[in-house]
Amino acid sequence: MTETSTLPTVDRAGPRQTRPRRLVAELIAGRTGHFTAADLAADAQGRGLPLGRATIFRTLELLLGGGALERIDLPDGSHAYVECAPSHHHHAVCSRCGSVVDFDDAELAAVVRAVARRTGFRIDSHRLELFGLCPACQAGERSAG
Ligand SMILES: [Zn+2]
Ligand SMILES: [Zn+2]
Ligand SMILES: [Zn+2]
């Protein structure tokens with residue numbers, strides 16, 4: 001008996017899939033605010049991790065499908081990802097530093113109901129992203145004069 005490892009058995013579903021996924025999850029954890037596949041590729045390169053951009057992109061799409069990530073459409077037409085709770089919510093996104101704050105439907109539910117009444121639509125889903133300057137960036141702007 002030479003087997004002394006006490007580690008649990010590696011995920012049988014796909015050890016080859018698990019590693020890039022874990023590495024990408026680590027890269028995401030090291031970020032604040034939203035990020036792109038290119039951002040993560042640069043992080044991976046900086047840390048000497050063996051992760052190509054295609055692998056990162058595939059992994060991001062997987063995480064997106066699993067509800068751990070959401071895609072944000074930025075005002076300039078580009079896309080970014082943000083780590084997210086799977087429950088329905090919205091984002092306020094800082095246009096300068098990219099920080100993201102979640103908010104829920106509290107006030108919005110009434111707006112959606114009013115629009116449904118006015119248009120006769122049965123509203124099944126909606127998306128809302130708000131863009132502006134976060135408190136920290138506003139403070140920076142004021143102190144910069
Ligand atoms: Zn979110
Ligand atoms: Zn900001
Ligand atoms: Zn909503």
Side-chain angles (χ1 to χ4, degrees), residues 6-145:
T6 55
L7 291 173
T9 314
V10 185
D11 179 10
R12 285 175 203 280
R16 277 187 308 165
Q17 295 300 321
T18 306
R19 187 168 150 78
R21 199 163 161 156
R22 189 182 304 141
L23 290 177
V24 169
E26 272 175 38
L27 291 175
I28 291 172
R31 293 218 138 243
T32 55
H34 62 66
F35 54 86
T36 63
D39 290 334
L40 294 189
D43 288 356
Q45 204 167 26
R47 296 195 201 178
L49 295 175
L51 276 179
R53 191 144 153 192
T55 304
I56 290 175
F57 193 77
R58 253 199 327 273
T59 308
L60 288 176
E61 290 298 312
L62 272 176
L63 293 172
L64 203 59
L69 282 185
E70 261 185 63
R71 189 166 22 216
I72 296 180
D73 303 320
L74 298 174
D76 68 0
S78 66
H79 304 284
Y81 299 90
V82 63
E83 203 173 9
C84 261
S87 62
H88 177 82
H89 63 274
H90 301 277
H91 299 122
V93 183
C94 180
S95 313
R96 185 164 299 167
C97 71
S99 68
V100 177
V101 174
D102 293 356
F103 62 94
D104 65 22
D105 270 354
E107 299 89 354
L108 199 60
V111 175
V112 172
R113 274 197 304 276
V115 170
R117 253 195 321 272
R118 198 186 317 146
T119 61
F121 269 60
R122 189 195 72 204
I123 308 293
D124 292 327
S125 68
H126 62 260
R127 300 183 53 148
L128 176 69
E129 281 151 4
L130 302 179
F131 300 93
L133 281 188
C134 72
C137 287
Q138 289 177 61
E141 197 167 66
R142 272 195 299 274
S143 65

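With contacts defined as side-chain heavy-atom distances shorter than 4.5 Å, the pair Asp102/His91 qualifies. You'll find the side chain of Val100 stays beyond 4.5 Å of the side chain of Glu83, heavy atoms only. Between Thr59 and Leu23, the closest side-chain pair of non-hydrogen atoms is not below 4.5 Å. When side chains are defined from C-beta on, Val112 does not count as touching Asp105, because their heavy atoms never get closer than 4.5 Å. Using a 4.5 Å heavy-atom cutoff, the side chains of Cys84 and Leu69 are not in contact. For the pair Phe131/Leu74, a side-chain contact is recorded, criterion being any heavy-atom separation below 4.5 Å from C-beta on. Using a 4.5 Å heavy-atom cutoff, the side chains of Leu130 and Phe103 are in contact.
Using modelled atom types, no side-chain atom of Thr55 and backbone atom of Leu51 make a donor-acceptor pair closer than 3.5 Å. Proximity of a side-chain donor or acceptor of Asp43 to a complementary backbone N or O of Leu40 within less than 3.5 Å is not detected.
Residues Ala37 and Ile56 come closest through the heavy atom pair O-CG2, 4.0 Å. In plain terms, the two heavy atoms of Cys94 and Leu133 that are nearest each other are SG-CA, 4.0 Å. For the pair Arg47 and Gly30, the tightest heavy-atom approach, listed with the atom from each and the gap, is NH2-CA, 4.3 Å. Here the shortest heavy-atom pairing between Ile123 and Ala116 reads CG1-CB, 3.8 Å. The shortest non-hydrogen separation linking Pro50 to Arg19 is CG-NH2, 4.0 Å.
A salt bridge is absent between Glu129 and Arg71: the closest approach of a Lys/Arg side-chain nitrogen to an acidic carboxylate oxygen does not fall below 4.0 angstrom.
A 6.0 Å sphere centred on CD of Gln45 holds no more than 12 heavy atoms belonging to other residues, nucleotides or ligands.
Looking at His34 and His79, their side chains never bring a donor and an acceptor atom within 3.5 Å of each other.
Under the 30°/60° scheme for interplanar angles, the aromatic rings of His88 and His126 are found to stand perpendicular.
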